[in-house]
There are 2 protein chains.
Amino acid sequence: MADIGYPTLKQLMYLQAVIKEGSFRAASQKLGVSQPTITSQIAALEETLGMVLLERSRSGTIPTAAGRDLIPHITNIETEVNGIREQARFASTGGSGVHRLGVPPTLGPYFLPEVLSEVHTTDPTLRLYVREGTPRELENGLLDGRYDLILTTMPVEIGGLVVEPLFGEPFKLCAPPDHPLVGKGKVDASAIKGERLLAIEERHRLFEQMQAMANQFGARLMRDYEGTSLDTVRQMIGTGFGLAFLPALYIRSEIAPRNDVTVLEMSETPSDRDVVLAWRPTAAKRQLYRSLASQMRRICRDKLADCLHVAAPQSTSVPGDGDKYPS
Amino acid sequence: MADIGYPTLKQLMYLQAVIKEGSFRAASQKLGVSQPTITSQIAALEETLGMVLLERSRSGTIPTAAGRDLIPHITNIETEVNGIREQARFASTGGSGVHRLGVPPTLGPYFLPEVLSEVHTTDPTLRLYVREGTPRELENGLLDGRYDLILTTMPVEIGGLVVEPLFGEPFKLCAPPDHPLVGKGKVDASAIKGERLLAIEERHRLFEQMQAMANQFGARLMRDYEGTSLDTVRQMIGTGFGLAFLPALYIRSEIAPRNDVTVLEMSETPSDRDVVLAWRPTAAKRQLYRSLASQMRRICRDKLADCLHVAAPQSTSVPGDGDKYPS
DNA sequence: AAATAGTGATAGAAAATATCTATCACACAA
DNA sequence: TTGTGTGATAGATATTTTCTATCACTATTT
């Protein structure tokens with residue numbers, strides 16, 4: 001839009017006040033500036049826009065048709081500016097606002113419900129907008145700003161992020177109820193040597209961990225029947241397809257309340273997967289994120305200690321993090 | 001809303017550009033200002049609002065949650081500001097805009113349809129928002145800015161207005177079809193001496209004119225049966241209640257097409273009512289209004305000369321109009 | 001008729017803000 | 001190691017905003 005200049009917000013507010021008060025002097029008193037300020041700023045506005053906006057007389061002033069036409073626009077602008085200021089006010093009173101949290105689908109849905117209620121009670125102004133993605137997607141999304149922080153599992157591959165350990169999540173061997181190993185007490189590693197184990201799809205980080213566990217016990221993964229989700233894997237176990245290692249939070253959430261799958265106890269347990277919260281070192285709300293991580297650890301210690309190994313309360317950073325930003 | 005300051009429009013536009021372009025330098029190139037200008041203006045905005053709005057790094061910048069939350073507001077403000085500029089552009093290309101025209105209910109509905117079509121064809125950007133009122137209401141409304149201009153009849157009682165004569169509107173005597181005077185040729189004034197005439201309600205200027213005409217011919221107004229509108233008066237004439245003087249434009253619009261009322265021809269005719277267009281001497285668009293008055297006279301001369309006495313093409317001002325504003 | 005009180009406009013000075021150039025410190029890529 | 005990108009800082013300059021003092025005019029009051 002060529003030729004026509006830009007008004008300033010002050011000019012528009014001065015015009016609105018003159019129209020409302022009916023005179024330059026009344027408006028100047030209302031706004032706390034001098035009357036010549038109002039006169040000159042409105043003259044400048046009229047020159048910028050190329051329109052006469054007010055009819056001036058010695059008994060006061062009324063808007064022209066052109067001036068009147070601007071009023072709805074100015075009212076809308078005022079509303080938006082006050083919306084901005086309201087958000088600023090909200091932020092200044094400690095409001096935490098909306099933050100986008102990325103989570104893996106094999107973890108988020110089984111962990112977040114355990115903690116978000118208390119997080120929200122503690123800070124009603126903090127709202128977490130949760131979205132799922134694979135660890136690769138989560139890390140890339142954190143880097144390019146699509147997430148503000150992510151819940152993920154080690155290893156975090158992109159350098160330079162702040163990484164706060166939350167807990168280690170054990171895996172447990174699950175079998176159909178009529179499997180020969182059920183009811184036989186602790187299962188030795190030799191019992192599943194050569195056994196074919198079910199697994200989730202390869203694109204999940206969890207697949208690699210399932211692969212590592214199978215290798216650890218001399219078992220093999222069935223590559224012909226991969227589950228698209230943990231629920232699918234559970235269903236396959238329940239219908240007698242085979243055994244699988246499943247994560248503890250999933251078991252607690254989706255298997256413990258049922259009896260279609262039996263959780264076996266092994267004499268030798270596979271390694272935990274280490275769950276962490278991560279964010280950019282430049283994040284404006286990094287103090288808030290650190291507090292959030294601490295709170296999540298505490299809730300895990302209070303409520304989930306029987307099935308998780310809660311991490312020690314200190315952060316680490318992945319190599320590449322400079323001294324510039326305290327984590 | 002205490003404490004929180006006001007952003008400026010430029011600051012908001014700088015923030016929006018940085019978020020969109022992904023870096024201060026790209027935004028400064030896009031906006032044609034130097035990069036330190038962007039840096040310092042956004043820092044000032046963050047201080048005004050008390051919020052960190054951007055995460056800065058050496059690879060560019062992304063908005064914080066607080067910064068992102070401002071984007072819809074800034075977009076709305078930009079839209080409204082461009083709406084203002086669009087109106088300015090429209091005005092600068094000769095657009096006439098919306099003007100509020102006050103008219104008497106005994107005249108406006110019978111006159112405006114004769115002229116507004118051509119007025120609109122001549123200037124499609126001129127829109128007249130028509131509202132009715134009594135002459136007293138019209139003059140007061142013009143003074144306090146509720147109307148931009150008014151169609152009214154003389155005398156204009158408030159001083160200091162610009163008054164452009166349009167035409168003189170004759171009155172004609174109307175009778176029921178079976179009245180003894182019907183079919184008797186021209187009616188002498190003596191024929192209605194002592195006759196009781198119908199009239200409109202007293203609050204209309206027209207009532208005074210009907211009173212004057214009755215006095216002129218030695219007749220009397222019926223005060224027991226006043227019509228609330230010209231249509232009501234016509235209906236009363238048609239059902240044999242009596243005679244009345246009615247204005248020529250009303251007759252042309254509402255009676256000529258019917259045969260329930262007969263228009264008599266008198267050897268002595270009553271005075272016209274003088275119809276004028278009036279506006280404030282300070283009106284920004286007074287040149288437009290003068291052109292409008294000229295055009296209305298010309299249309300009356302072209303189309304309505306058989307029933308109106310069109311005024312000469314020059315304006316007069318009611319005493320009280322200073323030399324300050326050309327009319 | 002004179003004085004007073006209100007209006008918006010103008011002139012020039014002062015204050016405040018915005019923008020500039022030059023340069024810095026840092027990180028990353030070649 | 002060098003070159004190229006980023007945002008930040010310092011100080012100067014330019015521009016804008018606001019002020020005080022006063023004007024011209026009109027309407028009201030005395």
Side-chain angles (χ1 to χ4, degrees), chain A residues 5-15 17-19 21-29 31-48 52-64 67 143 158-160 280-282 284 319-325, chain B residues 5-15 17-19 21-29 31-48 52-64 67 143 158-160 280-282 284 319-325:
Chain A
Y6 282 84
T8 70
L9 294 183
K10 280 192 170 183
Q11 287 172 341
L12 297 176
M13 296 305 134
Y14 292 166
L15 176 67
V18 169
I19 292 175
E21 302 298 326
S23 83
F24 286 58
R25 287 183 185 263
S28 74
Q29 283 166 356
L31 295 176
V33 297
S34 71
Q35 171 261 315
T37 295
I38 302 284
T39 292
S40 65
Q41 283 297 318
I42 290 183
L45 176 62
E46 286 176 324
E47 181 157 4
T48 293
V52 176
L53 300 172
L54 293 170
E55 281 180 40
R56 287 103 155 147
S57 75
R58 296 306 186 220
S59 54
T61 179
I62 54 181
T64 62
L143 215 59
I158 292 182
R280 293 178 301 275
T282 57
D321 185 27
D323 296 321
K324 188 63 178 298
Y325 306 99
Chain B
Y6 283 82
T8 69
L9 186 60
K10 279 191 171 183
Q11 287 172 343
L12 298 176
M13 294 304 132
Y14 291 166
L15 176 66
V18 170
I19 292 175
E21 302 299 326
S23 83
F24 286 57
R25 286 180 186 264
S28 74
Q29 283 165 358
L31 296 176
V33 297
S34 72
Q35 172 261 316
T37 296
I38 302 284
T39 292
S40 65
Q41 283 299 317
I42 289 182
L45 177 61
E46 286 176 326
E47 182 158 2
T48 294
V52 176
L53 301 172
L54 293 171
E55 280 181 41
R56 286 98 156 153
S57 74
R58 300 303 186 220
S59 54
T61 181
I62 55 179
T64 62
L143 214 60
I158 292 183
R280 292 179 302 276
T282 58
D321 184 27
D323 297 323
K324 186 66 178 295
Y325 307 99

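Every chain is numbered from 1, with letters handed out A, B, ... down the list of sequences. Predicted model, so just to flag it, every value in this text is computed and none were measured.
Remark: P of C:dT7 and CZ of B:Arg280 are 19 Å apart, rounded to the nearest angstrom. Here the P atom of nucleotide D:dT16 and the CD1 atom of A:Ile38 are 19 Å apart, to the nearest Å. Note: CD (B:Gln41) to C1' (D:dA8) measures 15 Å, nearest angstrom. If you measure from atom CG of A:Leu53 to atom P of C:dG8, you get 15 Å, rounded to the nearest angstrom. If you measure from atom CG of B:Leu45 to atom C1' of C:dT17, you get 15 Å, rounded to the nearest angstrom. Straight-line distance from the OH atom of B:Tyr6 to the P atom of D:dT17: 17 Å, rounded to whole Å. Nucleotide C:dT19 holds its C1' atom 13 Å from the CG atom of B:Leu31, rounded to whole Å. Rounding to whole angstrom units, CG of residue B:Leu54 and P of D:dG7 are separated by 10 Å.
If you check every strand for non-hydrogen atoms under 4.0 Å, A:Ser23 touches sugar and phosphate atoms only. In this structure, A:Ser40 reaches the bases: a heavy-atom distance under 4.0 Å links it to at least one base atom across the strands shown.
How far CD1 of B:Ile38 is from CD of B:Gln29: 10.5 Å, rounded to the nearest 0.5 Å.
Within the 4.0 Å cut-off from OP1 or OP2 of D:dT6, not a single side-chain nitrogen or oxygen of B:Arg56 is found. Between B:Lys10 and C:dT19 there is a side-chain N or O to OP1 or OP2 distance below 4.0 Å. Neither OP1 nor OP2 of C:dA18 sits under 4.0 Å from any side-chain N or O of B:Thr37. Note on B:Ser59: every side-chain N or O is 4.0 Å or more away from OP1 and OP2 of D:dT6.
At least one donor-acceptor pair closer than 3.5 Å links the side chain of B:Glu46 to the backbone N or O of B:Leu53.
A donor-acceptor contact under 3.5 Å is formed by the side chain of B:Arg25 with the base of D:dG7.
Tested against A:Arg56 for a side chain to side chain contact (heavy atoms under 4.5 Å, CB included), the candidates A:Ile42, A:Thr39, A:Val18 yield a single pass: A:Ile42.
For B:Arg58, the listed nucleotide lying nearest its side chain is C:dA27; candidates were C:dG8, C:dA27, C:dT19. Proximity note for A:Thr61 (side chain, C-beta onward) versus C:dG8, C:dT19, D:dC19: the nearest is C:dG8. Nearest nucleotide to the A:Phe24 side chain, out of C:dA9, D:dC19, C:dA18: C:dA9. Closest contact between the side chain of B:Tyr14 and the listed nucleotides D:dC19, D:dA8, C:dT19 involves C:dT19. Comparing D:dT17, C:dA18, C:dA22 against the side chain of B:Pro36 picks out C:dA22 as the nearest. Taking only side-chain atoms of B:Thr39, from C-beta outward, the nucleotide of D:dT9, D:dT6, D:dT20 with the closest atom is D:dT9. Picking from D:dG7, D:dT17, C:dT21 the nucleotide with the shortest atom distance to the side chain of A:Thr8 gives D:dT17. Between D:dG7, C:dT19, C:dA9, one nucleotide has an atom nearer to the side chain of B:Gln35 than all others, and that is D:dG7.
Using a 4.5 Å heavy-atom cutoff, the side chains of B:Tyr14 and B:Val33 are in contact.
The two atoms that bring A:Ile19 and A:Gly67 nearest to each other are CD1-O, 4.1 Å, heavy atoms only.
Checking B:Ser28 against B:Gln35 by side-chain atom types alone, no donor-acceptor pair falls below 3.5 Å.
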